[in-house]
Amino acid sequence: MQENPQNMAATEAEVQAVMEKYDRESVTRHHKKWAKWLVFAVCIIFCLVQLYSAFTGRVAATQLRPLHLGFVMSLVYLIYPVTKKSPRDKLPIYDLILAALAMGVCLYIALQHVELAKRINRNTDLDIYVGALLIILLFECCRRVVGLPIMVVAVVFMLYAYFGQYMPGDLMHRGFSVRRIITQLVYTTEGIMGTPLGASSTFIFLFVLFGAFLERTEVGNFFIDFANAIAGHKRGGPAKVAVLASALEGTVSGSSVANTVGSGSFTIPMMKRLGYRKEFAAAVEATASTGGQIMPPVMGAAAFLMAESVGVPYMEVVKAALIPAALYFVGIYIIIELEARKYGLVGMDKATLPKFLPLVKKKGYLILPLIVIIVFLSIGYTPIFSALVGIASCVLCDIIRHVIIGVVGAMEARKERKEKISAARIAGDVAVHTAEDVIFSMDKGARNVLGVAVACGMAGIIVGMITLTGIGLTLGNSLTALAGGNQYLTLLFTMLASIILGMGVPTTANYLITSTIMAGTVMKVVGCDMLAAHMFVFYFGIIADITPPVALAAMAGAAIAKSDPFRTGLNAVKLAIAAFIVPYIFVFNNKMLFIGAQWYDILQIGVTSIIGMIGVAAALEGYMTRHAHLLQRILFLAGGLLLIEPGLMTDIVGIVIIAVAFLWQALENKRLGGKMVPSVGYYKDMSAGKRIGFVLAESFVMLGRLVKGKEKKA
């Protein structure tokens with residue numbers, strides 16, 4: 001990146017402070033001396049075990065899952081302090097003991113997996129004690145890394161399993177003993193060692209490791225430079241850069257807060273400097289970064305679990321997410337464009353920005369790993385194999401990067417000092433630097449997977465209790481009864497449950513809980529495809545990160561922008577309107593997810609949906625070619641919603657309605673001249689009732705002025 005944009009970035013200390021405030025995974029110890037090397041060694045061994053299992057396939061799932069959890073819990077105790085206020089520069093003896101205990105109980109399960117399978121439900125007292133200790137240790141890991149909300153949910157489900165006989169009405173069941181609960185959670189594949197942890201120990205780990213390798217090649221800087229080269233000089237450039245960069249970075253990081261802080265430390269100050277409102281600037285970055293989890297080809301961890309739950313190849317999930325994700329980012333981009341037009345915002349000075357073709361020629365090879373991943377997934381290879389090939393291509397790109405650096409350095413040295421650097425020396429430097437990058441990428445990958453793996457383990461507890469008690473069916477039936485069998489109410493209640501749960505529970509766990517309880521109900525009531533039902537709860541679990549009052553991603557963006565967090569959240573909801581509308585549409589018309597769709601269906605859906613998003617954006621922003629008053633906004637909104645809904649008749653009617661609103665504005669521009677001053681300032685001290693009356697009156701006054709202008713001209 002060029003000098004001027006860099007100077008506008010938030011300081012490293014500010015970024016770290018925001019991360020630690022809103023992202024629990026950033027509150028880590030700063031190890032020194034032997035502790036530093038101990039943690040480093042455990043991370044490398046963890047990676048080597050995982051890679052050995054992936055390459056050879058010789059480690060049974062019943063061994064790999066407890067081994068994976070053992071490394072994860074040990075590292076949590078070594079890396080994360082007891083509280084945020086605990087000393088960060090010391091590794092207490094009690095955490096060393098807890099780390100050893102965590103590895104010990106998991107090794108007990110891994111080494112005796114055959115014997116444990118033979119005596120299921122006839123476990124010894126030692127088995128039960130080991131299982132109880134594992135659950136306690138996992139709860140403490142969750143408290144340190146993920147947070148209390150998911151712990152509370154897990155405890156409630158465990159208490160429900162134990163006290164079931166005392167529950168009222170349909171919630172009553174016979175109750176289960178502590179021994180039975182521990183057996184279910186630890187020694188079956190329907191608890192902690194179930195599908196979520198299985199996904200974490202295989203392809204989730206590999207894709208997280210792929211992200212760490214990709215990050216080490218400095219592809220993140222390339223994404224920001226790439227976005228600057230494309231959109232930085234355009235109207236409202238910094239905001240468009242934020243959208244493009246965050247969409248690209250979503251392929252590397254599955255964390256909305258990490259994405260927001262990472263690219264937002266550059267883009268938010270630039271947006272503010274060029275005239276964007278503080279709340280809007282923070283909301284743009286938070287919304288775009290949150291969308292990274294739904295952006296193919298490498299989506300959030302929950303997408304891999306969805307493929308497992310639905311029983312489809314991961315590429316089917318990627319394909320299904322393509323149009324909704326495109327609409328999500330197109331919607332944000334359009335609102336940014338209208339905001340820039342409305343307030344006359346300009347782009348950055350083109351002279352200070354990277355040039356597109358030189359940038360692509362110099363660093364374009366850095367996107368090779370992403371292309372490799374897409375190609376291998378598309379032609380039918382498994383996610384595990386695709387991730388391994390992607391990691392190998394990252395190493396290749398890193399070698400190319402260091403060769404280029406070495407050759408350029410040698411040429412400059414020869415030119416300036418007339419010193420000749422041999423090819424052997426360049427090769428040696430390349431080998432050393434590449435080895436360093438590989439080792440440090442493995443270390444970073446092991447650290448990055450901890451939060452996801454712990455969340456998967458906790459989700460396994462919740463899903464295990466749901467399976468044991470059968471409460472999933474009970475809650476699903478209760479939801480249907482509460483909605484009276486109404487399709488829209490059922491979807492509304494499901495959406496609210498997903499958003500509320502997502503305010504305190506990571507996306508991975510949120511998806512597992514809501515899909516277990518509600519996806520089947522959505523399928524039954526709406527009659528949609530299973531994948532569509534799972535995508536519905538997946539989407540709303542993700543956008544909880546930008547939905548007030550919690551809205552962690554929006555709060556992180558607000559901290560960088562120094563804006564009001566709640567207003568930032570409201571702006572983020574407006575920007576992410578596609579994420580609130582599109583899921584309702586694809587559960588009723590599965591063609592939007594490429595389910596049962598022909599190429600011409602996809603073309604029609606894509607074109608009309610984008611036009612529809614323009615209409616919805618104009619309604620929300622109150623601007624198209626000029627300030628839109630109430631009646632025009634209603635027309636834009638109605639036409640936009642009809643166009644987003646797939647269907648020939650709705651498309652025709654929607655186009656006609658938007659055309660009427662657009663021509664109405666064109667007529668105003670011609671006869672009244674200029675851009676109408678936004679009336680938002682008039683509303684400042686008005687009550688809601690007066691505000692509605694005012695905008696209604698304004699609409700009819702505008703109609704009157706048009707008629708009057710026509711008569712005068714005649």
Side-chain angles (χ1 to χ4, degrees), residues 25 28-29 31 34-80 91 95-111 113 134 137-138 140-142 144-146 192-193 196-216 253-254 301 304 384 387-388 390-392 394-395 435-458 460 508:
E25 293 183 46
T28 59
R29 291 191 175 106
H31 294 108
W34 64 269
K36 177 181 178 180
W37 292 108
L38 172 65
V39 174
F40 182 76
V42 174
C43 287
I44 298 302
I45 294 170
F46 181 23
C47 270
L48 291 175
V49 169
Q50 292 284 162
L51 289 172
Y52 173 80
S53 174
F55 271 113
T56 66
R58 293 179 181 176
V59 184
T62 49
Q63 284 183 304
L64 181 61
R65 294 177 187 184
L67 276 176
H68 178 79
L69 186 61
F71 277 109
V72 165
M73 291 199 298
S74 297
L75 285 170
V76 168
Y77 285 118
L78 294 174
I79 293 172
Y80 292 89
L91 181 56
D95 273 344
L96 281 170
I97 295 171
L98 289 173
L101 280 174
M103 181 57 77
V105 295
C106 290
L107 280 174
Y108 177 86
I109 297 170
L111 296 176
H113 68 111
L134 174 62
L137 290 169
L138 180 58
E140 172 58 14
C141 287
C142 178
R144 295 191 188 194
V145 140
V146 182
I192 295 171
M193 305 298 170
L197 194 68
S200 176
S201 64
T202 51
F203 36 77
I204 290 178
F205 179 90
L206 291 176
F207 274 94
V208 169
L209 185 60
F210 168 73
F213 271 89
L214 203 59
E215 186 179 349
R216 190 73 183 183
S253 169
F304 295 100
I384 292 176
L388 290 173
I391 291 169
C394 285
V395 176
E436 285 180 356
D437 288 341
V438 168
I439 292 171
F440 284 110
S441 296
M442 291 168 68
D443 176 64
K444 185 71 179 290
R447 293 169 184 265
N448 287 351
V449 84
L450 301 182
V452 174
V454 170
C456 285
M458 294 300 295
T508 306

Where the side chain of [X] meets the backbone of [Y], is there a donor-acceptor pair that is under 3.5 Å apart?
{"X": "Arg65", "Y": "Ser201", "value": "no"}
{"X": "Arg216", "Y": "Ser441", "value": "no"}
{"X": "Ser74", "Y": "Gly70", "value": "yes"}
{"X": "His31", "Y": "Leu78", "value": "yes"}

Could you walk me through whether Val76 and Glu140 satisfy the side-chain contact (heavy atoms from CB on, under 4.5 Å) test, starting with their C-alpha distance in whole Å, then the side-chain angles of each, then the deciding distance to 0.1 Å, before giving a yes or no? CA-CA 9 Å; Val76 168; Glu140 172 58 14; over 6 Å; no
Supply the atom-to-atom distance [X] [atom1] to [Y] [atom2], rounded to the nearest 0.5 angstrom.
{"X": "Ser53", "Y": "Leu48", "atom1": "OG", "atom2": "CG", "value": "12.5 Å"}
{"X": "Cys47", "Y": "Phe71", "atom1": "SG", "atom2": "CZ", "value": "10.0 Å"}
{"X": "Leu209", "Y": "Phe203", "atom1": "CG", "atom2": "CZ", "value": "15.5 Å"}
{"X": "Cys142", "Y": "Leu137", "atom1": "SG", "atom2": "CG", "value": "13.0 Å"}
{"X": "Glu436", "Y": "Phe440", "atom1": "CD", "atom2": "CZ", "value": "6.0 Å"}
{"X": "Ile391", "Y": "Phe210", "atom1": "CD1", "atom2": "CZ", "value": "8.0 Å"}

Could you check Leu98 against Asp95 for side-chain contact (heavy atoms from CB on, under 4.5 Å), going step by step and ending with a plain yes or no? CA-CA 5 Å; Leu98 289 173; Asp95 273 344; 3.7 Å; yes
Please examine the side chains of [Y] and [X], heavy atoms only from C-beta on, and report whether any two atoms are closer than 4.5 Å.
{"X": "Leu107", "Y": "Leu67", "answer": "yes"}
{"X": "Val395", "Y": "Asp437", "answer": "no"}
{"X": "Ile109", "Y": "Thr62", "answer": "no"}
{"X": "Leu69", "Y": "Met193", "answer": "yes"}
{"X": "Leu134", "Y": "Tyr108", "answer": "no"}
{"X": "Phe213", "Y": "Met442", "answer": "yes"}
{"X": "Arg447", "Y": "Ile79", "answer": "yes"}
{"X": "Val49", "Y": "Val59", "answer": "no"}

What orientation do Phe205 and His68 show, parallel under 30°, tilted 30 to 60°, or perpendicular over 60°?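 Perpendicular.
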Run the side-chain contact (heavy atoms from CB on, under 4.5 Å) check on Met73 and Val454 step by step: do they pass? CA-CA 8 Å; Met73 291 199 298; Val454 170; 5.6 Å; no
Step by step, would you call Leu450 with Tyr80 a side-chain contact (heavy atoms from CB on, under 4.5 Å)? CA-CA 10 Å; Leu450 301 182; Tyr80 292 89; 3.9 Å; yes
Over all atoms of both residues, closest heavy-atom pair of [X] and [Y]:
{"X": "Ala453", "Y": "Leu197", "answer": "O-CD1, 4.0 Å"}
{"X": "Ile192", "Y": "Leu138", "answer": "CD1-CD2, 3.8 Å"}
{"X": "Ala54", "Y": "Leu206", "answer": "CB-CD1, 3.8 Å"}
{"X": "Arg58", "Y": "Tyr52", "answer": "CD-OH, 3.7 Å"}
{"X": "Ala212", "Y": "Asn448", "answer": "CB-ND2, 4.5 Å"}
{"X": "Ile44", "Y": "Ile439", "answer": "CD1-O, 3.5 Å"}

